[in-house]
Each structure stands twice: as C-alpha cells, then as structure tokens.
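Let me begin by presenting the structure, written as structure tokens, before commenting on it.
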Amino acid sequence: MAHRSHDSMSLLDRAVIGALIVMAVLLVGIQTAHASTNWLIPSVGMTRAIHGDNEVTPFGQLAIRTHWAPLLSTEVGVGYRQDHFNDNTITQRSWPVTATLWITPVQQIYVGGGVGLYNNSLSFRDDLGIRNRTTERFGTHVGGGVMVPLGSSLGLDLNAKYVFMEREHVDFVSFDPSNWTTSAGLAFRF
C-alpha cells in the first residue's frame, strides 16, 4: 500500500487551504459588489467516522449561506460532533469551523467543497495513561444538498458532506478522523 509522508501531505493541505482562502477573499469582495440573498441555517443530523467504532452520533451546525451569483454561493458554519475510536479507547469531541463554496446549477440544488479548522478535544480511556488533550487540525470536505422553499423567507435544507482529515497519532494510538455527516435544517432568509 502506498504511503505518503507526513511532510508531503502537509504541503498539499497547505496549498489547497491557501488556494481556497484566496478564492474566499475574492468571493467576499465580489459579494459586497452584488446584491445577495442571505440565509441563516441551524441544522441537526447524523455523523459517522469512516474508521471509527461504527457509531452514528448526533451532529449540529449553525451556518450562514449567501447566494451572490446565479451559480455560486458561499457558506460559513460552526458545528459540534462526537466520535469514538479503537473500541471506545478514544473519544473525540470536535467543533468544526468551515468555509464552503457551493455551485448551484439550479437555485435549489448545490454541490461543492471547502476547508475547515477542527478544534478537537481528545479523551482517552483511564487505563491507557494518556493525557487528554485538545488539538486543532485542518480538513477539507465535499458535499451537496437541496434547499426546498417553504415560502419567500423560509426553506428546508437537506445536506450531506464527506470530511477528509489526516490520520492522528497520539502517543502509541493512531486513528483516522475522516467522517461523513447528513443534516436537515430550517433556512431563514435575512
């Protein structure tokens, strides 16, 4: 099995993150020059770590999505999720802060991707003797969804994302925090 070194993965992550940040700054500048539609979207759903303990756990997020062009929208969100790894040896609580660029071929359907900063609180089973800790990690995500209008200022937002994270190594334990989420939320126009 091919294995990329930690340094080459970090360089790739940095390049992707840098490119997406530049795009986001440009998009924010363009956004201010055009009339836009803003949505506040609180949502709840389910999440599962791809290489976790096969648990499906609750997920929550609050996002602001701005439609600023016929085919594009941006979204900034903050969420909460929890996963277990290695037969409940590790509990990870994560507060992701994400930025996403959505392509909207029709106004109700969107696909895209983005980046996130994942603030993780790691707790280890007591008998392991590993100190609990907090880490910050970058991740990337892809996904899509549909916004079903329920009126001129209200909508139902259904969404799914796959989050790519680098493998974590803590003392003698290792785990892959990559995950998927699905959520449903009410979208309020403002």
Val142 and Phe164: CA distance, side-chain angles, deciding distance, side-chain contact (heavy atoms from CB on, under 4.5 Å) verdict: CA-CA 9 Å; Val142 294; Phe164 301 92; 3.9 Å; yes
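- Here the CZ-OG1 distance, from Arg93 to Thr134, works out to 10.5 Å after rounding to the nearest 0.5 Å.
- Separating the CG atom in Leu122 from the CG atom in Asp83 is a distance of 11.0 Å, to the nearest 0.5 Å.
- With sequence neighbours excluded, no residue forms a side-chain contact (heavy atoms from CB on, under 4.5 Å) with Leu71.
- In this structure, Leu158 is a member of the same hydrophobic cluster as Ile109, with clusters built from ILVMFWY side-chain heavy atoms closer than 4.5 Å.
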Given the rule in the side-chain contact (heavy atoms from CB on, under 4.5 Å) test, do Arg137 and Met165 qualify, once you have shown the distances and angles that lead to the verdict? CA-CA 8 Å; Arg137 314 253 324 178; Met165 301 283 293; 3.8 Å; yes
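- Minimum interatomic distance between Gln61 and Glu75 (heavy atoms only, all atoms of both residues): NE2-OE2, 3.5 Å.
- Screening residues 179-190 for side-chain hydrogen bond (donor to acceptor under 3.5 Å, both in side chains) gives Arg81-Asn179 as the qualifying pairs, with residues at least two apart or on separate chains.
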Stepwise side-chain contact (heavy atoms from CB on, under 4.5 Å) check, Arg167 with Ser174: CA-CA 7 Å; Arg167 189 167 195 80; Ser174 166; 2.8 Å; yes
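- When hydrophobic clusters are built by joining Ile, Leu, Val, Met, Phe, Trp and Tyr residues whose side-chain heavy atoms come closer than 4.5 Å, directly or via intermediates, Ile41 is not grouped with Leu150.
- Distance check: Thr66 OG1 to Leu72 CG gives 12.0 Å after rounding to the nearest 0.5 Å.
- Among residue pairs with one or both ends in residues 88-107, those qualifying as ring pair (Phe, Tyr, Trp, His ring centres under 6.0 Å) are Tyr80-Trp95, Trp102-Tyr110; sequence neighbours excluded.
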Before giving the answer on ring-ring contact (aromatic ring centres under 6.0 Å, His included), spell out for Phe190 and Phe188 the whole-Å C-alpha distance, their side-chain angles and the decisive distance to 0.1 Å. CA-CA 6 Å; Phe190 67 97; Phe188 303 93; 10.0 Å; no
Assess whether side chain to side chain donor-acceptor pair (under 3.5 Å) is satisfied between Asp176 and Ser178, documenting all intermediate values. CA-CA 6 Å; Asp176 182 353; Ser178 296; 3.0 Å; yes
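- Applying the 6.0 Å contact sphere to CG of Asp126 captures no more than 12 heavy atoms from other residues, nucleotides or ligands.
- Inter-residue side-chain proximity for Gln92 and Glu168 is flagged as met; some heavy-atom pair is nearer than 4.5 Å.
- Within the 4.5 Å cutoff, no side-chain heavy atoms of Gln82 are placed close to those of Ser94.
- Within the 3.5 Å criterion, the main-chain N or O of Arg65 finds no donor-acceptor partner in the side chain of Ser73.
- In plain terms, the two heavy atoms of Gly52 and Phe85 that are nearest each other are CA-CD2, 3.6 Å.
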Please test Thr100 against His141 for side chain to side chain donor-acceptor pair (under 3.5 Å), starting from the C-alpha separation and ending with a verdict. CA-CA 8 Å; Thr100 309; His141 59 270; 2.7 Å; yes
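- The hydrophobic clustering, which links ILVMFWY residues whose side-chain heavy atoms are closer than 4.5 Å, places Val106 and Leu156 together.
- Distance check: Ser43 OG to Leu62 CG gives 8.0 Å after rounding to the nearest 0.5 Å.
- Cluster membership check: Tyr162 does not share its hydrophobic cluster with Val115, using side-chain heavy-atom separations under 4.5 Å among Ile, Leu, Val, Met, Phe, Trp and Tyr.
- Rounding to the nearest 0.5 angstrom, the gap separating the OG atom in Ser153 from the CH2 atom in Trp39 is 6.5 Å.
- Atom-to-atom distance recorded for Phe124:CZ and Arg133:CZ is 5.5 Å, nearest 0.5 angstrom.
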May I have the step-by-step check of side-chain contact (heavy atoms from CB on, under 4.5 Å) for Glu136 and Leu117, ending in yes or no? CA-CA 7 Å; Glu136 290 182 344; Leu117 176 62; 4.0 Å; yes
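- Inspection of the Arg125 and Asn88 side chains reveals no N or O donor paired with an N or O acceptor under 3.5 Å.
- Hydrophobic clustering (side-chain heavy atoms under 4.5 Å, transitive across Ile, Leu, Val, Met, Phe, Trp, Tyr) groups Trp68 together with Ile103.
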